[in-house]
**Student:** 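Just dropping this structure here.
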Amino acid sequence: MKKIIISNFKMNTTPSEMKTYSMALATKTSESKNQIIVCPPFTHLSVAKQFLDGSKICLGAQNVSDAEKGAYTGEISASMLKDLGVEYVIVGHSERRSKFKETDRLVNRKIKTALSCGLKVILCIGEDLATRDAKQAGAFVKKQLDDALKGIYENELEGVIIAYEPIWAIGTGKTAQVKDIQKMVELIRKEIGYLYSEKSGEQINVVYGGSIDIKNYKKIISLPCLNGALIGGASLNVDNFAVIARENY
Ligand code: PGA
């Protein structure tokens with residue numbers, strides 16, 4: 001089954017390293033049937049574009065402004081990304097929500113701006129440990145979805161990938177249990193079904209993220225309910241990421 005394999009470099013590596021990485025990844029995954037999306041820092045995007053050219057690997061950014069243009073020093077707009085050949089953008093990553101105080105409303109505005117500019121969105125949602133322990137994970141994730149997708153039309157969902165990333169699993173070496181991933185993915189599809197239609201719930205792409213590595217990737221990404229994975233730390237090693245990206249699931 002064809003899967004979507006996404007890397008999230010976070011704030012790691014340099015543009016010079018991106019050149020070597022891109023060339024190696026393109027070579028090592030040239031036979032892959034999966035859809036591969038690489039999300040390096042903004043500064044690496046041009047280099048990545050140049051050295052991924054001719055491969056089927058898509059480029060994603062890790063953030064985008066909710067504003068289209070103007071007096072927003074330090075921000076990067078959707079049209080700037082689009083112009084560079086970027087196709088995807090990660091929105092609502094838990095690190096942006098917690099460290100940069102991004103709210104559900106801001107996440108919603110960013111999605112609208114990105115989609116209207118022709119970018120596709122990787123929308124991150126997921127609960128923290130206290131919420132899970134309080135048995136509120138389902139309600140929490142549902143609300144994140146509802147708020148993020150407010151005002152988004154059903155036909156725009158084609159441009160949305162939902163990344164379920166339990167916060168307590170990100171960068172901790174602890175992945176969620178397979179049965180908990182399955183339960184949450186089912187809930188996400190049901191909620192999309194409720195908000196839009198059953199068909200959209202079935203068709204929306206849902207990926208899992210949180211401590212996927214070279215040892216555990218197969219059993220998680222192979223889950224039939226999942227369309228793929230978002231990989232942070234383990235994507236920094238091009239050999240490991242290429243193995244995960246070219247796997248036949
Ligand atoms: P991780 O990060 O794979 O290092 O846990 C995933 C993410 O934050 O997207």
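Atoms within a ligand are numbered from 1 in the order they appear, just like the ligands themselves.
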**Student:** Looking at Lys112, Arg105, Lys110, Arg109, which one forms a side-chain hydrogen bond (donor to acceptor under 3.5 Å, both in side chains) with Asp66?
**Tutor:**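 Single pass found, and it is Arg109.
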
**Student:** By number and element, which atoms of ligand 1 are closer than 4.0 Å to a non-hydrogen atom of Gly171?
**Tutor:**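 Every atom of ligand 1 under 4.0 Å from some heavy atom of Gly171: 1 (P), 4 (O), 5 (O).
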
**Student:** Atom NZ of residue position Lys19 - does it have more than 12 heavy atoms of other residues, nucleotides or ligands inside 6.0 Å?
**Tutor:**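 Not more than 12 within 6.0 Å, no.
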
**Student:** Okay, side chain of Ser22, backbone of Met18: is any donor-acceptor separation there less than 3.5 Å?
**Tutor:**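 Yes, Ser22 side chain to Met18 backbone: donor-acceptor pair under 3.5 Å.
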
**Student:** Decide whether the shortest distance between a heavy atom of Ser94 and an atom of ligand 1 is less than 4.0 Å.
**Tutor:**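 No; Ser94 lies far enough from ligand 1 that no heavy-atom distance drops under 4.0 Å.
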
**Student:** So is Gly210 touching ligand 1 or not, going by heavy atoms under 4.0 Å?
**Tutor:**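 Yes; Gly210 lies near enough to ligand 1 that a heavy-atom distance drops under 4.0 Å.
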
**Student:** Would Tyr196 and Tyr153 count as a ring pair (Phe, Tyr, Trp, His ring centres under 6.0 Å) if you check the C-alpha gap in whole Å, the side-chain angles of each, and the deciding distance to 0.1 Å?
**Tutor:** CA-CA 8 Å; Tyr196 297 96; Tyr153 296 108; 9.2 Å; no

**Student:** Would you say that more than 12 heavy atoms from the other residues, nucleotides or ligands in this model lie under 6.0 Å from the CD of Glu154, or not?
**Tutor:**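 Check passes, neighbour count above 12.
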
**Student:** Give me the residue, atom name and distance of the protein heavy atom closest to atom 3 (O) of ligand 1.
**Tutor:**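 Protein heavy atom with the smallest distance to atom 3 (O) of ligand 1: Gly232 N, 2.9 Å.
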
**Student:** When you compare ligand 1 with Ile231, is there at least one nitrogen or oxygen pair between them that comes in under 3.5 angstrom?
**Tutor:**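 No, there is no polar N/O contact under 3.5 Å.
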
**Student:** Under 4.0 Å from any heavy atom of His93, which atoms of ligand 1 are there?
**Tutor:**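 Reading through ligand 1 atom by atom, the close ones are 7 (C), 8 (O), 9 (O).
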
**Student:** Below 3.5 angstrom, do we get any N/O pair linking Gly233 and ligand 1?
**Tutor:**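 It does: an N or O of Gly233 is found under 3.5 Å from an N or O of ligand 1.
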
**Student:** For Glu75, does the CD atom have more than 12 heavy-atom neighbours from other residues, nucleotides or ligands under 6.0 Å away?
**Tutor:**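 More than 12 within 6.0 Å, yes.
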
**Student:** Is the ring centre of Phe9 less than 6.0 Å from the ring centre of Tyr21?
**Tutor:**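 Yes.
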
**Student:** Side chain or backbone of Asn8 under 4.0 Å from ligand 1, or both, or neither, by non-hydrogen atoms?
**Tutor:**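 It is the side chain that touches ligand 1; the backbone stays farther off.
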
**Student:** I need the contact type for Ala169 against ligand 1. Using non-hydrogen atoms and a strict under-4.0 Å cut-off, is it side chain, backbone, both or neither?
**Tutor:**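 Backbone only; the side chain of Ala169 stays clear of ligand 1.
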
**Student:** Heavy-atom contacts with Glu165 under 4.0 Å: which atoms of ligand 1 show up? List them by number with element.
**Tutor:**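 The atoms of ligand 1 under 4.0 Å from a heavy atom of Glu165 are 6 (C), 7 (C), 8 (O), 9 (O).
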
**Student:** Looking only at protein heavy atoms, identify the closest one to atom 2 (O) of ligand 1 and say how far it is in Å.
**Tutor:**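 Result: Lys10 NZ, 3.3 Å.
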
**Student:** Below the 3.5 angstrom mark, is there an N/O of Leu230, backbone or side chain, next to an N/O of ligand 1?
**Tutor:**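 Not met; the criterion fails.
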
**Student:** Quiz question: by atom type and distance under 3.5 Å, do the side chains of Tyr208 and Gln182 form a donor-acceptor pair?
**Tutor:**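 Short answer, no.
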
**Student:** Polar contacts were defined as any N/O atom of the residue lying under 3.5 Å from an N/O atom of the ligand; does this apply to Thr172 and ligand 1?
**Tutor:**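 In fact, backbone or side chain, Thr172 has no N or O that close.
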
**Student:** If you define the side chain from C-beta out and look only at heavy atoms, does anything of Val185 sit under 4.5 Å from Cys225?
**Tutor:**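 Yes, close enough: below the 4.5 Å cut-off.
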
